[in-house]
Enquirer: 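Here it is: the structure, laid out below.
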Amino acid sequence: MNYRHAFHAGNFADLQKHAILLALLEALTADESPLAVIDTHAGAGAYDLRGDMAQKSKEAAAGIGRLLAEGDAPAPFAPLLKAVEELNVGAADAPLYPGSPLLIVRALRRSDRYTACELRDDDFDQLRKVLGPYAFAQGLKADGYATAEARAGRGGRTFVLIDPPFERPDDYAQCVATVRAVRKTDPAAVLAIWTPLKDLETFDAFIRALENVTDDALIAELRLRPLRDPMKMNGSAMVLVGAPAAIEPKVSEITTFLAGRLGETGAAGRVWRA
């Protein structure tokens with residue numbers, strides 16, 4: 001796998017994914033019963049935006065850097081911005097950015113459980129350090145799709161975050177298969193899938209396949225530019241299965257704000273149900 005999230009940490013896609021993730025976790029932890037979270041592609045857990053990879057892409061400057069500098073992001077971004085600020089206490093700027101694992105463990109309770117899967121040796125080593133202080137969190141060097149299927153419904157409510165690099169030709173099919181398997185085991189399970197938006201046909205084919213396994217999907221499309229060049233990441237999407245209806249306004253506000261603030265001519269943000 002050649003994909004390294006350190007190149008992209010804190011970019012526009014992370015802002016959408018992480019703001020929606022925190023809104024979803026807030027809703028899910030409002031229920032007193034324990035929550036079991038499975039993260040299929042956890043990454044390193046946190047990222048230094050001063051590192052070589054982040055500096056080479058400079059994507060964070062146009063993402064989290066801009067939101068922090070402009071200071072007028074709407075309320076649904078407050079939990080994410082607070083997490084970034086807390087991670088950088090005492091720093092003159094914000095050189096560190098929390099990945100999904102760190103955001104998740106800080107949002108969970110001691111009665112909850114978190115399983116984070118990562119296959120890269122170096123990212124896994126860093127992930128274990130990030131999770132070290134949290135007794136309810138476990139890092140696994142294991143296939144995330146298989147782990148989600150095996151652990152769904154094994155005590156507590158199930159929430160699965162699927163955030164693959166989409167470099168394997170079967171990642172879209174694996175996402176659909178995981179939704180099918182998890183919901184078969186635990187019909188009340190909630191899943192969140194992040195995808196890039198490059199060309200419309202690839203994304204539409206994924207949604208059509210997903211509609212064959214669930215009728216409870218909320219899709220948040222963030223297009224920074226028209227989907228004309230499939231060699232570029234022209235946007236991103238979060239697909240939520242079984243999510244509480246109450247978070248839909250937040251999901252919409254997050255997505256439309258980012259399209260308007262960070263997008264180019266022809267940018268669009270829309271939230272719809274499949």
Side-chain angles (χ1 to χ4, degrees), residues 1-11 13-15 17-18 21 25 36-60 63-64 83-84 87-88 91 94-108 112-152 154 158-178 181-182 191-196 198 233 236 238:
M1 295 188 298
N2 296 319
Y3 176 91
R4 298 302 304 276
H5 191 70
F7 283 106
H8 313 292
N11 71 355
D14 262 4
L15 297 182
K17 173 175 61 183
H18 290 150
L21 173 63
L25 286 171
V37 180
I38 304 162
D39 190 347
T40 63
H41 298 76
Y47 301 91
D48 187 346
L49 301 181
R50 298 164 300 188
D52 291 343
M53 286 182 277
Q55 287 297 307
K56 183 175 182 178
S57 72
K58 298 190 181 299
E59 291 184 19
I64 187 60
V84 173
L87 187 59
N88 289 280
L96 303 178
Y97 184 80
S100 298
L102 189 55
L103 293 171
I104 290 170
V105 292
R106 289 187 171 186
L108 294 181
D112 300 322
R113 299 196 317 275
Y114 174 54
T115 302
C117 301
E118 176 54 46
L119 290 173
R120 288 192 65 98
D121 290 338
D122 47 357
D123 283 349
F124 182 72
D125 289 343
Q126 176 62 28
L127 175 65
R128 292 181 65 187
K129 294 176 184 177
V130 168
L131 299 182
Y134 302 91
F136 57 83
Q138 177 186 28
L140 291 181
K141 189 180 289 185
D143 180 271
Y145 298 121
T147 301
E149 182 175 351
R151 296 200 173 196
R154 289 176 53 183
T158 301
F159 169 50
V160 180
L161 174 63
I162 305 176
D163 179 21
F166 289 99
E167 287 199 340
R168 285 172 36 172
D170 65 340
D171 271 326
Y172 286 102
Q174 288 273 26
C175 288
V176 174
T178 302
V182 168
L191 299 97
I193 307 166
W194 178 86
T195 76
K198 294 185 175 181
M233 193 165 87
S236 62
M238 283 290 282

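Owing to the predicted nature of the structure, the values given are computational and were not obtained by experimental measurement.
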Enquirer: Check the angle between the aromatic planes of H41 and Y145 and answer parallel, tilted or perpendicular using the 30° and 60° thresholds.
Expert: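 Rings of H41 and Y145: perpendicular, as their planes differ by over 60°.
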Enquirer: Considering only heavy atoms from C-beta outward, does the side chain of T115 approach that of L140 to under 4.5 Å?
Expert: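 Yes, side chains in contact.
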Enquirer: Please walk me through it: do D112 and V37 pass side-chain contact (heavy atoms from CB on, under 4.5 Å)?
Expert: CA-CA 8 Å; D112 300 322; V37 180; over 6 Å; no
Enquirer: Considering non-hydrogen atoms only, spot the tightest contact between L102 and A46 and give its length.
Expert: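 Of all heavy-atom pairs spanning L102 and A46, the closest is CD2-CB, 4.3 Å.
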Enquirer: Do Q126 and V130 have side chains that get closer than 4.5 Å, going by heavy atoms?
Expert: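 Counting from C-beta outward, Q126 and V130 do come under 4.5 Å.
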Enquirer: To the closest 0.5 Å, what do you measure between CG (D125) and NZ (K141)?
Expert: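 One finds 6.0 Å between CG of D125 and NZ of K141.
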Enquirer: Can you name the closest pair of heavy atoms from R113 and R154 and give their distance?
Expert: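 Result for this residue pair: NH2-O, 3.2 Å.
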Enquirer: A side-chain contact here means heavy atoms from C-beta on lying under 4.5 Å apart; do E59 and D14 qualify?
Expert: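 No; the side chains remain at least 4.5 Å from each other.
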Enquirer: Compare all side-chain heavy atoms of I104 with those of L161 and state whether any distance is below 4.5 angstrom.
Expert: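 They are in side-chain contact.
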Enquirer: Tell me the closest heavy-atom pair linking F166 and C175, and the distance in Å.
Expert: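 Closest approach of F166 to C175, heavy atoms only: CZ-SG, 4.1 Å.
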Enquirer: Please report the closest heavy-atom contact between F136 and L108, naming both atoms and the distance.
Expert: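 Nearest pair, atom of F136 first, then L108: CE1-CB, 3.9 Å.
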Enquirer: Is F159 close to L25 at the side-chain level, that is, under 4.5 Å between some pair of heavy atoms?
Expert: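 Yes - at least one pair of side-chain heavy atoms lies under 4.5 Å apart.
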Enquirer: Take atom CZ in R106; do more than 12 heavy atoms of anything else shown fall under 6.0 Å from it?
Expert: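 Atom CZ in R106 is packed in, count exceeds 12.
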Enquirer: Would you say CG of D170 has more than 12 non-hydrogen atoms from neighbouring residues, nucleotides or ligands within 6.0 angstrom?
Expert: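 Atom CG in D170 is packed in, count exceeds 12.
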Enquirer: Nearest 0.5 Å, what's the CG-CD distance between L127 and Q138?
Expert: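 The CG atom of L127 sits 10.5 Å away from the CD atom of Q138.
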Enquirer: If only side-chain N and O atoms count, and only distance matters, is there a donor-acceptor pair under 3.5 Å linking N11 with Y97?
Expert: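 Per modelled atom types, Y97 and N11 side chains form no pair under 3.5 Å.
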Enquirer: Within this structure, what is the NE2-OG distance for the pair H8 and S236, rounded to the nearest 0.5 Å?
Expert: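 Going from NE2 on H8 over to OG on S236, the span is 12.5 Å.
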Enquirer: Are R168 and Q174 side-chain neighbours, meaning at least one heavy-atom pair lies under 4.5 Å?
Expert: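 A side-chain contact exists here, since the closest heavy-atom pair is under 4.5 Å.
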Enquirer: Are the side chains of D163 and T40 in touch, meaning some heavy atoms are under 4.5 Å apart?
Expert: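 Result no, sub-4.5 Å side-chain heavy-atom pair not found.
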Enquirer: Looking only at heavy atoms, which two atoms of C117 and A142 are closest? And how far apart?
Expert: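 Reported closest heavy-atom pair: CB-O, 3.6 Å.
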Enquirer: Grab the two heavy atoms, one from V84 and one from L96, that are nearest each other, plus how far apart they are.
Expert: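 That closest heavy-atom pairing would be CG1-O, 4.2 Å.
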Enquirer: Counting C-beta onward and ignoring hydrogens, is there a side-chain heavy-atom pair between T158 and R151 closer than 4.5 Å?
Expert: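 No, too far: nothing below the 4.5 Å cut-off.
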